[in-house]
Amino acid sequence: DGGITQSPKYLFRKEGQNVTLSCEQNLNHDAMYWYRQDPGQGLRLIYYSQIVNDFQKGDIAEGYSVSREKKESFPLTVTSAQKNPTAFYLCASSIQDRPSYEQYFGPGTRLTVT
Amino acid sequence: AQSVTQPDIHITVSEGASLELRCNYSYGATPYLFWYVQSPGQGLQLLLKYFSGDTLVQGIKGFEAEFKRSQSSFNLRKPSVHWSDAAEYFCAVGAAGSARQLTFGSGTQLTVLP
């Protein structure tokens, strides 16, 4: 079955620690995205990547970092510089050469920092 | 920059009743429009999309939406709601160009009464 996997589903960290969230897709999609979701605020774009070894900041990139060394993988690191990291994080992917470029989402990772 | 407004934060309907969720967008050119559904603690699932052609689009689970350019709207409808439709619904608009980012509304939470 093709899809997007995110692991782990729940993640707990102490304040001041960096943490990396995993996102893997076997859909052969070119583009990948990271969103943050907070109650009542919808989804906000953190970073996106349209091709391997290239990525761009989204609306709320401060305190986050990403890498795209393989087409299938787009890990997100939440650094200690992120002031309010507790949130639900969603990874998505899409095909770039299709007119309607809908995004497909993974199941999400809920990060709690105390 | 594009934007999306979902005016209703929370809607409650009885099972078997009809449903309409409102979505208004702001975008200078012809938009690409999407409706997604999210069950608690899960990722987003695409219900339907519009990018050209017939302004009434059919989606999965018996949902449909109508694109009205004059009103900058893309409202989601279902003639008879089922208890399993209880979830959060997000409208999104896509920008043209190479970035192909989606901007999401803040969501509408649907409660279905037995």
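Convention: sequence-line order gives letters A, B, ...; per-chain numbering from 1. Source: prediction; values computed, not measured.
With values rounded to the nearest 0.5 angstrom, B/Gln45 atom CD is found 11.0 Å from A/Tyr104 atom OH. To the nearest 0.5 angstrom, A/Arg44 atom CZ is 12.0 Å from B/Ser106 atom OG. Atom CG of B/Leu44 and atom OH of A/Tyr35 lie 9.5 Å apart (nearest 0.5 Å).
The environment of A/Lys83 atom NZ is sparse: at most 12 non-hydrogen atoms of other residues, nucleotides or ligands sit within 6.0 angstrom. Counted within 6.0 Å of CD on B/Gln58, heavy atoms from surrounding residues, nucleotides or ligands total more than 12; the atom is thus considered enclosed. Atom CD1 of B/Ile9 sits in a sparse spot, with 12 or fewer heavy atoms from other residues, nucleotides or ligands closer than 6.0 Å. Within 6.0 Å of the CG atom in B/Leu113, the count of heavy atoms belonging to other residues, nucleotides or ligands exceeds 12.
Clustering ILVMFWY residues whenever any of their side-chain heavy atoms sit less than 4.5 angstrom apart, transitively, puts B/Ile60 in the very cluster that holds B/Val57. One hydrophobic cluster, built from ILVMFWY side chains closer than 4.5 Å, cannot hold both A/Val52 and A/Ile95; they sit in different ones.
With a threshold of 4.5 angstrom between heavy atoms, A/Leu43 approaches chain B through its backbone and through its side chain. For B/Leu46, the part lying near chain A is the side chain, with the backbone staying farther off; criterion is any non-hydrogen pair under 4.5 Å. Using a 4.5 Å cut-off between heavy atoms, A/Gln56 does not touch chain B at all. Only the side chain of B/Gln38 comes within less than 4.5 Å of a heavy atom in chain A; its backbone stays farther off.
Using a 4.5 Å heavy-atom cutoff, the side chains of B/Phe34 and A/Glu102 are in contact. Contact annotation: the side chain of A/Gln41 never approaches that of B/Phe104 to less than 4.5 Å [non-hydrogen atoms, C-beta and beyond].
Between A/Gln103 and B/Tyr36 the shortest heavy-atom distance is O-OH, 2.7 Å.
The other members of the hydrophobic cluster of A/Phe74, by chain and number, are A/Leu11, A/Val19, A/Leu21, A/Met32, A/Trp34, A/Ile46, A/Tyr47, A/Phe55, A/Ile60, A/Tyr64, A/Val66, A/Leu76, A/Val78, A/Tyr89, A/Leu111, A/Val113 (side-chain heavy atoms under 4.5 Å, ILVMFWY only).
Taking non-hydrogen atoms and a 4.5 Å limit, the residue list of residues 68-76 of chain B in contact with chain A is empty.
For the options B/Gly105, B/Gly41, B/Gly107, heavy-atom pairs under 4.5 Å to chain A are most numerous at B/Gly41.
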